[in-house]
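Written out below as structure tokens is the structure these notes cover.
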There are 2 protein chains.
Amino acid sequence: MDQDIIKKIPHKTIERLSQYRRALLICLSQGKTHIFSHEVAEIQHITAVQVRRDLMLIGYSGNLRRGYNIKDLIALIGTIIDSQDGQRVAVFGMGNFGRAISAYFEGRRERLSIVAGFDVNPQKIGTSIAGVPVYHIDRACEIISKEKIKIGIITVPGNQAVETAKIMVDCGIKGILNYSPSPVKVPEDVFLEEYDMITSLEKVAFYVKEH
Amino acid sequence: MDQDIIKKIPHKTIERLSQYRRALLICLSQGKTHIFSHEVAEIQHITAVQVRRDLMLIGYSGNLRRGYNIKDLIALIGTIIDSQDGQRVAVFGMGNFGRAISAYFEGRRERLSIVAGFDVNPQKIGTSIAGVPVYHIDRACEIISKEKIKIGIITVPGNQAVETAKIMVDCGIKGILNYSPSPVKVPEDVFLEEYDMITSLEKVAFYVKEH
DNA sequence: TTTGTCCTGTGAATTGAATAACAAAAACTA
DNA sequence: TAGTTTTTGTTATTCAATTCACAGGACAAA
């Protein structure tokens with residue numbers, strides 16, 4: 001697929017493609033071969049138009065009478081969001097969250113695997129949590145370069161997030177997923193996604209309060 | 001504050017207010033009394049205009065020369081996003097994620113507290129995880145009504161999410177935060193927020209791949 | 001005073017994403 | 001064969017959120 005086209009896919013569409021793929025894999029395992037836009041929409045609780053528009057953006061054409069070929073579509077989504085030779089991820093902060101995330105991803109995605117965890121707690125260094133070896137943060141650059149890690153997840157306490165992000169950037173990490181409550185700043189060439197659970201829970205609480 | 005005005009505050013502004021408040025509390029603890037929009041903006045890594053506009057929407061006026069009074073602003077944000085008598089939350093699924101979330105919130109927010117956890121694992125029932133008592137999911141309605149719980153967090157495996165959400169809605173939960181990889185559907189009067197970690201990580205991986 | 005600087009507050013323009021509306025193709029139905 | 005139904009693909013519209021642009025107040029210095 002052409003680079004210029006990929007660059008123009010909206011962020012939200014990328015997110016939905018990831019979700020379509022997982023839904024499609026389930027359908028495929030149930031023996032389905034084709035699926036209509038309104039069926040995908042129903043699984044994801046969105047509209048059929050949105051599904052068709054997303055697929056239009058990635059240049060996939062369905063069959064007017066049978067809908068979309070599930071296998072082909074999964075493959076096409078793969079060529080867009082997966083990286084050719086797989087991507088390697090490190091978790092910074094192996095506390096409760098770090099452990100939960102490591103366990104969650106263990107053996108789930110072949111092209112996206114968590115291969116290292118970093119912490120400062122001497123009791124954790126050298127151990128393996130959910131199949132992920134834990135190193136001292138001082139060895140970050142060494143391990144990141146050796147393991148060819150490009151993506152890092154921040155699960156350290158808020159007051160250490162900024163410092164941790166700096167280390168990550170200095171060691172050559174190119175994508176950061178920040179789950180700490182403190183926003184961090186990164187250079188333009190590093191992709192940053194932040195998600196704050198406290199904010200989300202307060203938001204839900206707000207809308208519940210407002211009926 | 002007037003109900004009609006509150007209803008019109010954009011979702012994104014509500015999220016930022018939650019974040020401003022936490023940043024302001026830190027500033028206050030450092031002895032600051034006033035703050036400029038561009039200072040808040042710098043902490044949050046957004047623009048000063050955005051900060052001013054958000055504060056405009058909640059009807060707060062700053063001082064032209066000294067900026068915003070931190071204490072007043074914290075109080076005002078509280079009247080908007082906090083509930084008068086506090087809100088009570090339950091976690092559905094006390095696996096790694098449920099535990100991490102319970103530990104994360106333990107004693108952190110007085111007006112927003114996790115008071116129950118639900119699971120099906122007999123080994124967990126009756127125990128207390130991070131200060132949260134764990135009950136069998138079959139007792140959900142009983143506990144939810146007794147504890148006056150209005151908000152639920154879904155951290156069960158994807159294949160159980162839909163069923164869990166149904167139980168939550170039937171028991172009178174009015175706000176759901178779904179952290180499972182499966183989207184769920186709820187009636188119109190229930191507020192739903194979904195966040196999928198796999199999607200986020202795949203999104204970061206995509207944009208890293210595209211430089 | 002007057003001038004200059006540094007803020008806030010806000011209408012207008014822009015961007016980004018979701019929704020509506022509909023043409024056209026394919027396959028039935030009568 | 002002509003009409004009906006179903007579904008895709010796409011253009012146009014609407015809606016939400018952000019950014020631009022600037023008026024106007026407060027103070028400091030000259």
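Computation of the quantities below employed the complete heavy-atom set of this structure, encompassing side-chain atoms and omitting hydrogens, waters and symmetry-equivalent molecules. Remember, predicted model here, so these are calculated numbers, not experimental data. Residue numbers start from 1 in every chain, and the chains themselves are labelled A, B, ... in the order their sequence lines are given, proteins ahead of strands.
- Scanning atom types as modelled, no donor and acceptor separated by under 3.5 angstrom connect the side chain of A/Arg52 and the base of D/dT7.
- Proximity of A/Arg65 to the phosphate of C/dA27: no side-chain N or O atom is located under 4.0 Å from OP1 or OP2.
- Heavy-atom nearest nucleotides on DNA chain D were determined for A/Leu64 and for A/Val49, and the one closer to the 5' end corresponds to A/Leu64.
- Residues B/Arg22 and A/Asp196 are paired through a salt bridge, judged by an N-O separation under 4.0 Å between the basic side chain and the carboxylate.
- A ring-centre distance under 6.0 Å is found for A/Tyr104 and B/Phe97.
- Mapped onto DNA chain D by nearest heavy atom, B/Thr13 and A/Ala48 fall at different nucleotides, with A/Ala48 at the one closer to the 5' end.
- Note: NE2 (A/His34) to P (D/dT7) measures 14 Å, nearest angstrom.
- Side-chain proximity of A/Phe36 to the nucleotides C/dT8, D/dT7, D/dT10 is greatest for D/dT7.
- In this structure, the CD1 atom of B/Ile46 is 9 Å from the P atom of D/dT19, given to the nearest Å.
- Between B/Ser61 and C/dG9, a side-chain N or O to OP1/OP2 separation shorter than 4.0 Å is present.
- Rounded to whole angstrom, the span from the NZ atom of B/Lys12 across to the P atom of C/dT15 amounts to 18 Å.
- Contact annotation: B/His38 side-chain N/O to C/dC7 OP1/OP2 distance is under 4.0 Å.
- Aromatic ring pairs are classed by plane angle as parallel below 30°, tilted from 30° to 60° and perpendicular above 60°; the pair A/Phe118 and A/Tyr135 is tilted.
- Atom CG of B/Asn63 and atom P of C/dC7 are 12 Å apart (whole Å).
- Atom CD1 of A/Ile58 and atom P of D/dG9 are 11 Å apart (whole Å).
- In this model, a donor atom of one side chain and an acceptor atom of the other lie less than 3.5 Å apart for A/Tyr195 and A/Ser200.
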Side chain to side chain contact (heavy atoms under 4.5 Å, CB included) assessment of B/Lys203 paired with A/His11:
CA-CA 8 Å; B/Lys203 182 179 167 186; A/His11 283 216; 3.6 Å; yes

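- Contact check, B/Arg16 against D/dT18: a side-chain N or O comes under 4.0 Å of OP1 or OP2.
- You'll find a donor-acceptor pair under 3.5 Å spanning the side chain of A/Arg53 and the base of C/dT19, going by distance alone.
- D/dT18 atom C1' lies 13 Å from atom CE of B/Met56, rounded to whole Å.
- Rounded to whole Å, atom C1' of C/dA17 lies 12 Å from atom NE2 of A/His11.
- Whole-Å rounding puts the B/Glu39 CD to C/dC7 P distance at 8 Å.
- Counting only heavy atoms from C-beta on, A/Gln50 has its side chain closest to C/dT19 among C/dT19, C/dT10, D/dA17.
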